[in-house]
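This report refers to the structure that appears directly beneath it.
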Amino acid sequence: MSVFASLVEQLADLLQPLFGLSAAAAAIVLFTALVRLLVHPLSRAAARGQKARARLQPRIAELRRRYGRDPEKLQRALLDLHTREKVSPLAGILPSLFQLPAFFLLFSLFSNTTIGGRPNELLGHELFTAPLGGRWADALGDGGPLGGAGLVYAGLFAVVVAVAAFSYRLTKRSMAANAAMTGAGAGGRGGSGSGSGSGSRGGAAEPAAVPGMGAVAKVMPFLSFFTLVTVAVVPLAAALYVVTSMAWGVVERAVLHR
């Protein structure tokens with residue numbers, strides 16, 4: 001962790017002429033951008049995988065109609081389909097997994113008063129008037145929500161809400177597109193079935209409902225808003241990482257999924 005602390009300190013020294021006392025905060029933002037650049041190839045792969053999975057939705061719906069009463073056969077059929085199409089269901093989570101070590105390093109770095117037996121000098125750095133090692137509860141106890149540190153957190157919360165609202169729109173749009181694609185594929189097969197004289201059977205062959213998917217679909221667009229809780233409870237340095245990474249990720253998603 002001392003190596004990581006040295007990296008942050010060196011970045012802060014480089015940015016000192018531009019950002020003054022907030023140089024360490026700027027260094028964390030820059031470090032976050034570097035991490036996001038490193039995982040960008042994974043993000044591009046995840047976007048391609050998501051588009052591929054969207055194209056598979058009609059076929060997945062067909063498999064659920066066919067094997068809806070046999071979960072084991074359904075799982076095998078879904079696995080075979082993803083294998084044949086070379087689509088990994090886990091590709092979408094890889095960018096987040098690869099960022100976890102950086103987040104936990106920052107969290108640990110700004111939660112410890114000593115590093116390698118020496119005082120942690122990074123704890124003396126601030127974002128405006130808010131200590132990077134402090135938390136929202138500390139800001140409320142030192143000046144309240146309208147104090148200097150409280151206003152810093154108010155700004156972070158405002159950024160999170162704005163980015164989460166944009167993410168909400170993207171998620172709703174993506175879910176609507178996937179639902180339309182699934183419905184179009186099912187409608188095409190249903191139409192051919194009714195034309196061959198089996199309209200009643202085609203009409204009855206609705207996709208098997210996946211348990212819990214309705215609740216997941218309702219909650220998913222709002223997940224980004226839970227970042228507010230993370231920002232409130234982790235050290236400010238880690239909160240900066242989370243907010244910067246979140247903003248980068250939403251803009252990246254909007255560009256990659258055009």
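The figures here come from the full heavy-atom set of this structure, side chains too, leaving out hydrogens, waters and symmetry mates.
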(request) Would you check, one step at a time, whether the test side chain to side chain contact (heavy atoms under 4.5 Å, CB included) holds for Val163 with Phe166? (result) CA-CA 5 Å; Val163 174; Phe166 185 45; 5.7 Å; no
Please list every donor-acceptor pair under 3.5 Å in which a side-chain atom of residues 128-151 meets a protein atom from a residue at least two apart or in another chain.
{"unit_1": "Thr129", "atom_1": "OG1", "unit_2": "Gly148", "atom_2": "O", "d": "3.4"}
{"unit_1": "Thr129", "atom_1": "OG1", "unit_2": "Ala149", "atom_2": "N", "d": "3.4"}
{"unit_1": "Arg135", "atom_1": "NE", "unit_2": "Val233", "atom_2": "O", "d": "2.9"}
{"unit_1": "Asp138", "atom_1": "OD2", "unit_2": "Arg135", "atom_2": "N", "d": "2.9"}

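- Taking Ile, Leu, Val, Met, Phe, Trp and Tyr as members and joining any whose side-chain heavy atoms lie under 4.5 Å apart, directly or through other members, Leu256 forms no hydrophobic cluster with any other residue.
- Residues passing the salt bridge (Lys or Arg N to Asp or Glu O under 4.0 Å) test with Arg48, sequence neighbours excluded: none.
- For Phe222, the ring pair (Phe, Tyr, Trp, His ring centres under 6.0 Å) partners at least two apart in sequence or on another chain are Tyr168.
- The local environment of CG in Leu21 is sparse, with at most 12 non-hydrogen atoms from other residues, nucleotides or ligands closer than 6.0 Å.
- In terms of the side chain to side chain contact (heavy atoms under 4.5 Å, CB included) criterion, residue partners of Asp70 (sequence neighbours excluded) are, by chain and number, Glu72, Lys73.
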(request) Could you give me the CA-CA distance, side-chain angles and deciding distance for Glu62 and Arg59, then say whether salt bridge (charged side-chain N to carboxylate O under 4.0 Å, His left out) is met? (result) CA-CA 5 Å; Glu62 175 64 26; Arg59 295 165 68 180; over 6 Å; no
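- By the side chain to side chain contact (heavy atoms under 4.5 Å, CB included) test, Ala154 pairs with no residue at all, sequence neighbours left out.
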Distance-only check: which donor-acceptor pairs under 3.5 Å involve side-chain atoms of residues 30-41, not counting sequence neighbours?
{"unit_1": "Thr32", "atom_1": "OG1", "unit_2": "Ile28", "atom_2": "O", "d": "2.7"}
{"unit_1": "Arg36", "atom_1": "NH1", "unit_2": "Gln99", "atom_2": "OE1", "d": "3.4"}
{"unit_1": "Arg36", "atom_1": "NH1", "unit_2": "Ser245", "atom_2": "O", "d": "3.3"}
{"unit_1": "Arg36", "atom_1": "NH1", "unit_2": "Ser245", "atom_2": "OG", "d": "3.0"}
{"unit_1": "Arg36", "atom_1": "NH2", "unit_2": "Glu252", "atom_2": "OE1", "d": "3.0"}
{"unit_1": "His40", "atom_1": "ND1", "unit_2": "Glu252", "atom_2": "OE2", "d": "2.6"}

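- Annotation: side chain to side chain donor-acceptor pair (under 3.5 Å) contacts involving residues 220-240, sequence neighbours excluded, comprise Ser167-Ser224.
- Partners of Arg118 by side chain to side chain contact (heavy atoms under 4.5 Å, CB included), not counting sequence neighbours: none found.
- Residues satisfying the side chain to side chain contact (heavy atoms under 4.5 Å, CB included) test with Ala12, not counting sequence neighbours, are Ala23, Ala24, Ala27.
- Here the closest non-hydrogen pair linking Leu42 and Leu94 is CD1-O, 4.4 Å.
- One hydrophobic cluster, built from ILVMFWY side chains closer than 4.5 Å, cannot hold both Val255 and Val250; they sit in different ones.
- Residues Val160 and Val251 are members of separate hydrophobic clusters, defined by side-chain heavy-atom contacts under 4.5 angstrom among Ile, Leu, Val, Met, Phe, Trp and Tyr.
- Here the closest heavy-atom approach between residue Ala26 and residue Leu15 is recorded as C-CD1, 3.6 Å.
- Within the structure, ring-ring contact (aromatic ring centres under 6.0 Å, His included) contacts touching residues 95-116 (residues at least two apart or in different chains) do not occur.
- Of all non-hydrogen atoms in Val231 and Phe157, the two that sit nearest each other are CG1-CE2, 3.7 Å.
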Contacts table for residues 119-127: side-chain donor-acceptor under 3.5 angstrom, sequence neighbours left out:
{"unit_1": "Asn120", "atom_1": "OD1", "unit_2": "Leu122", "atom_2": "N", "d": "3.1"}
{"unit_1": "Asn120", "atom_1": "ND2", "unit_2": "Leu109", "atom_2": "O", "d": "2.6"}
{"unit_1": "Asn120", "atom_1": "ND2", "unit_2": "Asn112", "atom_2": "O", "d": "2.8"}

